[in-house]
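Quick one: the structure is below, questions incoming.
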2 protein chains.
Amino acid sequence: MERATISDVAQLAGVSQATVSRALRGVAKVSPETRLRVEQAANNLNFTLSKSASALASGKTMRVLLLVSGTLDRWFNSSVLQGAYDVLSPEGYDIIPSFVTNRAQLDHYFAELPKNRNADAIIVSSFTFTTELHDRMAAMGMPVIGLDSPSTDGFDASIAISNADGLKQSVHLLHSLGHRRLAFIRDYVPQDMVYSTTTRADCFASAIDALDAGLEYTILTAHTHVNTVEPEELAPELASLVLSSPLRPTGLVVETDELAVPLMKELRHQHMRFPEDMSIVGFDDAPISRVVDLTTIHQNPIELGHSAARKALSLMRGETLERSHEVQPTTLVLRDTTGRAPNVA
Amino acid sequence: MERATISDVAQLAGVSQATVSRALRGVAKVSPETRLRVEQAANNLNFTLSKSASALASGKTMRVLLLVSGTLDRWFNSSVLQGAYDVLSPEGYDIIPSFVTNRAQLDHYFAELPKNRNADAIIVSSFTFTTELHDRMAAMGMPVIGLDSPSTDGFDASIAISNADGLKQSVHLLHSLGHRRLAFIRDYVPQDMVYSTTTRADCFASAIDALDAGLEYTILTAHTHVNTVEPEELAPELASLVLSSPLRPTGLVVETDELAVPLMKELRHQHMRFPEDMSIVGFDDAPISRVVDLTTIHQNPIELGHSAARKALSLMRGETLERSHEVQPTTLVLRDTTGRAPNVA
DNA sequence: TTGTATGCGTTATCAC
DNA sequence: GTGATAACGCATACAA
């Protein structure tokens, strides 16, 4: 009843350890008959190769780390995981997910885990890095793939979306609908920020400046960080920020759908109608936005996961990527929460 | 620049490999001074233990498998993952998630992966098992923890929720609100069913029978399986099933919130008002249900993950659980989609 | 195509 | 409390 080892299989098949190893992995030259015999023997003994032993002997762990910012049960993160799984799993790789929510945890993660050959590559999602961290990653001795990172610095490869494009699309939409006073809504930005979504506010401002159409805008920030509470708990505060803003914005752009939805709900409680009184644009095209017919900027985190995983695969095989750093386009999804600006003073 | 091994550290610290191993793991007797010296040496060399080597030598892989039914980016599954992570990660365990969506994949999974000592335990979520699979699991040589499984058979431990209680609560609620004709809505149930949610229809029927209050009911099933399409694509079909049912139900109980939300939206397009014309109860209390104020049955998959992980931990340590198989209660969450039955013929 | 021999980096069992 | 040393189960030159 003890689990069998490779030599048990070898013995039963009447061949050497080495041949069993070759046959089972389908590499090198093994005659069809031998292969068959080995496979049958392995089957009889209920045998599969030990990952630990293989890893030790070969130097490849067949594991890739996935580090995300924020908990694993968030839509974006779990979708990235699913995407990475889609391409890595068929190739025999295990994915080891983990997450951090602040700079301290991030530092600790990089200080502890990856000094060693405990994985063949790491995919790092949605972080803003310091140059110090870049150096540390570069010294890690394994490919580091960035996903949705503001910079490509320190990454061997990366896949990102263009927050700038997305925000530009939002701004242009609202502008063309006649809105002249816009607001960007976001949650609290920690000093030790690690989230790349925080760059969206800057993109929003840049888009308006670049448009140069005389639009006024303001950036409204909640006091509480959304990761410490549920998004809907921020809604009252955000709503009051919007309604009490001296600018009286008619066009709202929100950092994420997750934030936009409860905000919109709260504003409706305050008798604001969308899009008659106000227009609102989210970001992400998360499933929730379809439910409430929210106009938003589409991105596909599963695809990001695919892309990052493919880059990881190539890098692990020692190939050189023709395009190390790529950017996925974002698209504007028009639904029911945007319309012509109201005729107000 | 080559990564250091334990002997490099030993040399630098002026001790033996064995002592380094003991010191770094904080086990057995090592004098404080020695420990300090070793730790400094390890730090200087940027050294951490190799998981592969440790696993091979010790026989413990420090890995636990998490097998879920359905993709990893679904709310329930990613929450379970997060929960398991919360308790396993601090203990030094890696979690290796994977998923299957049908019986064939499930069989393949069990045929391939776990014959071997590639993990110390496995958590299996939301499956309906055949006795054959039970036997296979029992023979796997590692603790098997069930999560949300209809039966405790074949599991060394398990944590579940009471679907029966939840459905009973739904039925009683609708009954006490005066509803006399109920319908249970679900998506297509594959022949080779692996999802435990499919048992909910049975619970619904049993609850009505047990109530014995003369309620009439019907069970409405979509033709397409929700895993092959987006939930909202099923909405039109489900809505027409509801509205064309000869029973003319006024109280709807839906298998999951994920299904209830688009159904309700579609029914509203058909001029049904909730709860004036109809009442609807979901199941899960997924975040989406809060957004649309759906009355539903609450469960907490993160807690399930915690519980399963704790059981796994104990089992891996060779402890005997005082309560191997536990059931978490479900609670009814009243929101805005349920009300008194309409006064119709 | 197949077999032999060595090493991968730890842990654990002994001694001391 | 610490140091040798033999496993652990496999991959891979190198031979044959």
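So that the names make sense, note that chain A is the first sequence line, chain B the second, and so on, each numbered from 1. Predicted, not measured: the structure shown is a model, and the values here were computed from it.
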Nearest listed nucleotide, side chain of F47(B), among dT11(C), dG9(D), dT10(C): dT10(C)
Out of dG9(C), dG3(D), dC10(D), which nucleotide sits closest to the side chain of S54(A)? dC10(D)
Whole angstroms only, please: what is the CZ-C1' distance between R25(B) and dT2(D)? 14 Å
d(NZ, K51(A); C1', dA11(D)) in whole Å: 16 Å
Side chain of L49(A) only, heavy atoms from C-beta on: which candidate in dT1(C), dC10(D), dG3(D) is closest? dC10(D)
By nearest atom, which of the nucleotides dC10(D), dT2(D), dT1(C) is closest to the T19(B) side chain? dT2(D)
In whole angstrom, what separates L56(B)'s CG from dA11(D)'s C1'? 12 Å
What contact category does R22(A) fall into here, base, sugar-phosphate, or nothing, at under 4.0 angstrom with non-hydrogen atoms? base
Are a donor atom and an acceptor atom from the side chains of T61(B) and D120(B) found within less than 3.5 Å of each other? yes
Rounded distance in Å - CG (N118(B)) to C1' (dC10(D)): 12 Å
If you draw a 6.0 Å radius around CZ in R317(A), do more than 12 non-hydrogen atoms from other residues or ligands fall strictly inside? yes
Please determine whether a side-chain nitrogen of the Lys or Arg among K311(A) and D156(A) lies less than 4.0 Å from a carboxylate oxygen of the Asp or Glu. no
Non-neighbouring partners of F155(B) that pass ring-ring contact (aromatic ring centres under 6.0 Å, His included), sequence neighbours left out: F129(B)
Taking the side chain from S78(A) and the backbone from R74(A), do they hold a donor-acceptor pair closer than 3.5 Å? yes
Answer yes if the side chains of Q82(B) and D86(B) hold a donor-acceptor pair under 3.5 Å, and no otherwise. yes
Tell me which nucleotide among dT12(D), dG3(D), dT11(C) gets nearest to the side chain of A57(B). dT11(C)
Roughly, in whole Å, what's the span from CE in M62(B) to P in dC8(D)? 21 Å
Residues touching DNA chain C, which here means a heavy atom under 4.0 Å, drawn from residues 7-17 of chain B: Q17(B)
Any side-chain donor paired with an acceptor under 3.5 Å for R22(A) and S16(A)? no
Considering only dT1(C), dG9(C), dT2(D), which nucleotide approaches the side chain of K29(A) most closely? dT1(C)
What's the CG-C1' distance between L24(B) and dT11(C), to the nearest Å? 13 Å
